[in-house]
Chemist: 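Here's a structure for you.
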Amino acid sequence: MSASRLLLSGLGALTWEGAGLDAVSRALAGTAAPFAREEPIDGLGVEVGRIGRIKDPDSARSYKRWGQLDTYSRYGFVAARMALEDAGLEGAQEDRDRIGVLLGTSFGCMEENQRFDRYEIVDGTVKGASPLVFKGTVDNAPAGWIAVAWKLRGPNATFVSGSGSSLEALWSAEGLLRRDRARALLVGGVERFSDLHLLLADSKDGRHGGRLAEGAGIVVVEREDSLRSRGRSAQDAHAELVGVARCSGSLPAALPRALRQLGVSVAEVGLLSVAMPSLEDLPEGLAEELAPRAKIVAEKEYLGESHGAFGGLALSAAICRLDKEGTGWQGLPLAVIHVFGEARENFFAVLRATKGT
Amino acid sequence: MTGSKVVITGMGVVVPHGDDIEQVYQRIIRGENECRRITRFDASTYPCQIGSEVRYEVEAPDKIGPYTIHNEALKYVAGATDRAIKAAAIGPAEGAAQDRRAIVLSTGVGPANIDFLGPIALRVHGSDEDPYKANLEDFYGAAPAEPEAQGLDEFHLDTAAPACAIQFGAAHVYNTASACASGSHAIADAAAMIHRGEADAVLAGGVCTPVTRVLVPGFSMLQALSTRNDDPEHASRPFDKDRDGFVMGEGAAVMVLESEEHARARGATILAELAGWGYSCDSYRLTDPHPEGIGMALCMTRALESAGMAPEEIDHVNAHGTSTAYNDAAETLAIKKALGEHAYQVPVSSNKSMFGHLIHAAGALEGCLSVMTILQGVVPPTINYQTPDPSCDLDYVPNVAREMPVNAVLKNSFGFGGMNVSVVYRRYEA
């Protein structure tokens with residue numbers, strides 16, 4: 001295993017409030033517009049932050065086939081474009097054989113599935129449908145389009161693990177980068193809701209206790225030797241990815257085990273971002289695990305429940321919450337981002353501030 | 001990362017050729033074909049009327065924990081998991097030991113799993129004029145008055161992996177969704193997990209039930225399926241000049257992977273080593289491979305590097321070999337790029353000639369057959385190979401299996417989106 005540090009060299013975020021870190025900051029500050037309330041089905045209503053079919057001139061300029069992309073893929077594409085631009089990799093002629101895409105999603109291409117299933121099938125022929133519609137019925141469509149658009153020949157994978165999906169992708173990315181199987185990876189999650197999903201969410205009202213929101217959160221995670229080869233340093237990155245740990249069990253029990261796995265001390269943690277719908281849902285005993293000045297946040301209160309995209313967006317949110325000088329969180333060097341995986345699993349991503357180091 | 005060797009200690013399948021991997025392998029090396037006319041639905045007017053179906057009663061539990069095993073996909077994967085666990089003689093872990101076990105499955109949440117959604121979809125789209133309703137009712141019957149709780153849970157999260165996690169006693173669960181490369185992706189990720197020291201034992205593989213009234217026309221739209229309807233048994237003909245597309249297949253295949261230390265400590269029989277794996281992307285088009293096989297070659301080279309092996313050490317290539325014009329020509333070029341002159345010496349075969357393309361489960365089934373090839377020393381044939389294609393000029397083991405010592409197999413899997421995975425299976429040496 002190579003000892004090169006892993007760094008977050010680019011961030012991309014698409015939220016119901018808009019695109020980019022500014023939109024994430026507005027959401028976190030609570031100054032964003034209220035969520036729209038949609039009523040997709042007679043008699044049912046669900047509070048949801050939707051992004052909708054987006055027209056993005058920058059993305060259209062980036063890729064001549066932008067018009068062919070389904071909405072789910074567009075979300076991922078826009079976030080990836082922002083992350084690549086932020087990392088300085090968007091237009092550069094870097095070693096693209098070693099740059100890849102690893103994304104997570106919970107519901108994936110469900111809207112495209114529904115769209116395809118609406119066509120009439122006569123004698124085994126789908127009437128009036130373009131082959132493009134069927135092409136969109138794969139969960140890995142965004143990862144595929146992103147790779148095609150930027151000629152990225154590194155690892156390309158999509159994970160479907162519920163709300164843990166984007167940190168599942170980050171966990172996998174960490175392994176690939178540490179083994180030097182890639183120099184940089186676009187990592188995160190994408191979620192677009194279909195009306196079936198909204199029906200589900202409505203009937204499960206209270207299950208998550210929060211507001212639904214679509215989104216895409218994608219970051220560039222890059223080996224430090226790659227960053228240096230481009231004339232940049234760790235100081236130019238947003239943060240270091242210390243690592244990702246996966247632990248089963250209750251959150252208060254799993255957190256210290258995860259930190260031990262990653263070889264960091266709980267006393268260094270200044271920010272804990274938990275996957276609960278709000279701070280009112282915090283499990284007992286969690287705060288006692290942390291240093292007294294550490295802050296616990298529940299970003300879903302602000303960003304909404306974006307399932308497979310949430311982990312990716314929470315990474316950007318943690319960067320937005322860096323102290324003013326960018327040297328840490330609450331004066332401490334580490335931030336921990338938590339999401340729930342499938343079954344009884346927790347994922348923890350640990351970031352270390354790089355400014356001033 | 002521990003760098004521990006990753007070994008295979010058990011395999012389980014429920015596929016068109018049967019539900020016992022040894023018997024399936026015997027049928028495969030005899031060149032027996034399971035591609036026939038579709039019986040799942042009336043396909044008599046379809047452009048493609050051929051499928052490779054599981055045509056026998058599958059033994060599987062009715063319920064696993066809270067999950068009812070109520071559809072074919074769940075039945076297949078639960079059955080395959082049961083068989084793999086028994087073959088590996090590894091009981092379900094309990095308590096804290098579950099933290100050292102994982103499930104990595106390729107199941108997808110795409111149209112193949114739409115039977116989870118059907119009842120809900122029917123409720124949403126209840127209009128009699130809506131063709132959507134007609135399409136779905138063909139599969140699922142009338143819409144239920146209220147969505148049932150279990151249906152909604154299945155809609156939210158695919159239940160296959162959590163159900164298998166109960167069978168195996170695993171705390172870590174996840175799904176890969178890399179289209180046709182997904183089965184090999186799941187197995188490679190499982191190996192990575194063990195290699196990193198984060199699990200002692202992982203059950204990995206895939207399941208797919210794509211022979212449906214909706215998916216068959218979908219793939220036909222892309223001109224990916226064979227239309228040799230008057231001669232179904234010769235429809236899947238990888239690398240043959242007259243190939244005209246693939247045949248959809250269904251089933252499940254999983255394997256138990258362990259760290260060498262874990263397997264030896266419990267006295268397990270080690271079947272083979274998973275020596276290396278590589279990933280890449282074509283970054284060409286969403287549904288077509290790069291015509292020069294650039295991404296495919298990169299992936300094979302990475303797998304060899306990861307295994308620390310030279311091309312000459314590969315004794316057999318278990319090809320992706322779909323029987324489409326594009327894939328087989330591009331894969332041939334890629335094998336030549338990755339293996340150099342050795343490409344002309346190494347036997348390359350496509351198991352898909354006998355059971356079609358199992359999509360999410362393809363890499364897993366073909367991985368199990370690669371292990372059997374090492375154990376038995378007989379390379380499966382590529383059947384229906386009749387007319388050589390100048391663009392496919394390697395040794396495809398035409399029509400008859402070949403006895404030979406096999407120490408290492410390179411298994412390729414390529415998918416929509418351009419995702420490529422290659423895995424190296426090697427004879428285990430302590």
Side-chain angles (χ1 to χ4, degrees), chain A residues 1 41 96-97 100-101 107-110 113-114 116-121 123-126 129 131 134-135 137-141 143-145 147-148 150-162 164 168 172 175 178-179 181 195-196 199-200 203-204 246-248 341-345, chain B residues 1 43 45-48 98-99 108-111 114 117 120-121 124 130-132 135-136 147 152 155-158 161-162 165 171-179 185 189 192 196 198 213-214 216-218 220-222 279-287 294-295 298 302 416-419:
Chain A
M1 180 154 62
I41 302 148
R96 307 236 159 176
D97 283 359
V101 190
F107 294 91
C109 59
M110 198 163 287
N113 291 346
Q114 277 190 267
F116 181 74
D117 291 340
R118 284 190 180 109
Y119 285 98
E120 194 175 5
I121 297 170
D123 292 340
T125 301
V126 187
F134 189 66
K135 287 182 183 182
T137 63
V138 287
D139 290 319
N140 60 328
W145 281 119
V148 171
W150 282 283
K151 304 287 177 209
L152 308 178
R153 293 205 177 94
N156 189 291
T158 299
F159 302 88
V160 181
S161 305
E168 181 79 66
S172 191
R178 292 214 192 278
R179 289 197 300 277
R181 291 188 173 204
D195 54 0
L196 286 187
L199 174 69
L200 166 72
S203 66
K204 286 279 183 183
R246 47 196 313 162
C247 293
S248 59
E342 287 202 55
R344 297 162 294 149
E345 196 162 24
Chain B
M1 184 164 76
T45 58
Y46 277 44
C48 172
Q98 294 189 348
D99 230 12
V109 189
I114 197 167
L117 317 180
I120 303 167
V124 180
D130 191 342
Y132 190 42
N135 286 348
L136 291 170
L152 290 170
F155 172 69
H156 186 225
L157 292 176
D158 187 357
H172 307 293
V173 180
Y174 75 98
N175 297 292
T176 54
S178 305
H185 179 198
D189 264 22
R196 282 171 73 164
E198 297 192 4
R213 190 180 168 277
V214 173
V216 172
S220 288
M221 282 172 79
L222 303 180
Y279 304 121
S280 75
C281 187
D282 275 7
S283 65
Y284 176 63
R285 289 180 185 161
L286 206 61
T287 53
I294 292 172
L298 195 57
R302 285 173 174 165
F416 276 12
M419 166 71 163

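Chain naming here is simple, since letters A, B, ... match the order of the sequence lines and numbering starts at 1 in each.
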Chemist: Walk me through it: do B:L298 and A:D97 pass the test side chain to side chain contact (heavy atoms under 4.5 Å, CB included)?
Modeler: CA-CA 8 Å; B:L298 195 57; A:D97 283 359; 3.9 Å; yes
Chemist: Given that the side chain runs from C-beta out, which part of A:A157 has a heavy atom under 4.5 Å from chain B: side chain, backbone, both or neither?
Modeler: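 Both backbone and side chain of A:A157 come within 4.5 Å of chain B.
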Chemist: If every non-hydrogen atom of A:V160 is compared with every non-hydrogen atom of B:A177, which pair is closest and at what distance?
Modeler: CG2-CB, 3.5 Å
Chemist: Provide the closest heavy-atom pair for A:R179 versus B:A192 in the form atom of the first, atom of the second, distance.
Modeler: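 Smallest interatomic distance, heavy atoms only, reads NH2-CB, 3.8 Å.
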Chemist: What's the separation between atom CD in A:E168 and atom CG in B:D189, rounded to the nearest 0.5 Å?
Modeler: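 Answer rounded to 0.5 Å: 8.0 Å.
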Chemist: Let's go through B:E198 and A:R246 carefully: what are the C-alpha distance in whole Å and the side-chain angles of both, what is the deciding distance for side chain to side chain contact (heavy atoms under 4.5 Å, CB included) to 0.1 Å, and is it a yes or a no?
Modeler: CA-CA 9 Å; B:E198 297 192 4; A:R246 47 196 313 162; 4.1 Å; yes
Chemist: For B:P217 versus A:V126, what's the shortest heavy-atom pair and its separation?
Modeler: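 Taking every non-hydrogen atom into account, CB-CG2, 3.6 Å.
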Chemist: Specify the closest pair of heavy atoms between A:V138 and B:F416, including all atoms of both residues, with the distance to one decimal.
Modeler: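 In this case the closest contact between A:V138 and B:F416 is CG1-CD2, 4.1 Å.
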Chemist: Which is it for A:W145 and B:L286 under the side chain to side chain contact (heavy atoms under 4.5 Å, CB included) test, yes or no, and what are the steps along the way?
Modeler: CA-CA 7 Å; A:W145 281 119; B:L286 206 61; 3.5 Å; yes
Chemist: Taking side chain as everything from C-beta outward and backbone as N, CA, C, O, which of these in B:H185 sits under 4.5 Å from a heavy atom of chain A? Side chain, backbone, both or neither.
Modeler: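 For B:H185, the contact with chain A is made by the side chain alone.
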Chemist: Under a 4.5 Å cut-off applied to non-hydrogen side-chain atoms, are B:S280 and A:R153 in contact?
Modeler: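 Contact flag for B:S280/A:R153 side chains = no.
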Chemist: Sequence neighbours excluded, which residues qualify as ring-ring contact (aromatic ring centres under 6.0 Å, His included) partners of B:Y174?
Modeler: A:F159
Chemist: Heavy-atom distance under 4.5 Å to chain A: side chain of B:V173, backbone, both or neither?
Modeler: both
Chemist: Heavy-atom distances under 4.5 Å only: say whether B:A179 touches chain A with side chain, backbone, both or neither.
Modeler: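 Looking at B:A179, backbone and side chain both touch chain A.
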Chemist: Does the side chain to side chain contact (heavy atoms under 4.5 Å, CB included) test come out yes or no for A:V148 and B:R285, once each step is laid out?
Modeler: CA-CA 6 Å; A:V148 171; B:R285 289 180 185 161; 5.7 Å; no
Chemist: Would you mind telling me which of A:V101, A:T125, A:D123 has the largest number of heavy-atom pairs within less than 4.5 Å of chain B?
Modeler: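 Top option by heavy-atom pairs under 4.5 Å: A:D123.
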Chemist: Could you check whether A:S248 and B:D99, counting side-chain N and O atoms only, form a donor-acceptor pair closer than 3.5 Å?
Modeler: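 Per modelled atom types, B:D99 and A:S248 side chains form a pair under 3.5 Å.
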Chemist: Could you tell me whether the side chain of A:N156 and the main chain of B:C281 form a donor-acceptor pair under 3.5 Å?
Modeler: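 Judged by distance alone, no pair lies under 3.5 Å.
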Chemist: At their closest point, which heavy atom of B:G417 faces which heavy atom of A:N140, and how far apart are they?
Modeler: CA-ND2, 4.1 Å
Chemist: Measuring heavy-atom distances to chain A, does B:A43 have an atom under 4.5 Å in its side chain, in its backbone, in both, or in neither?
Modeler: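 Contact with chain A: none, neither part.
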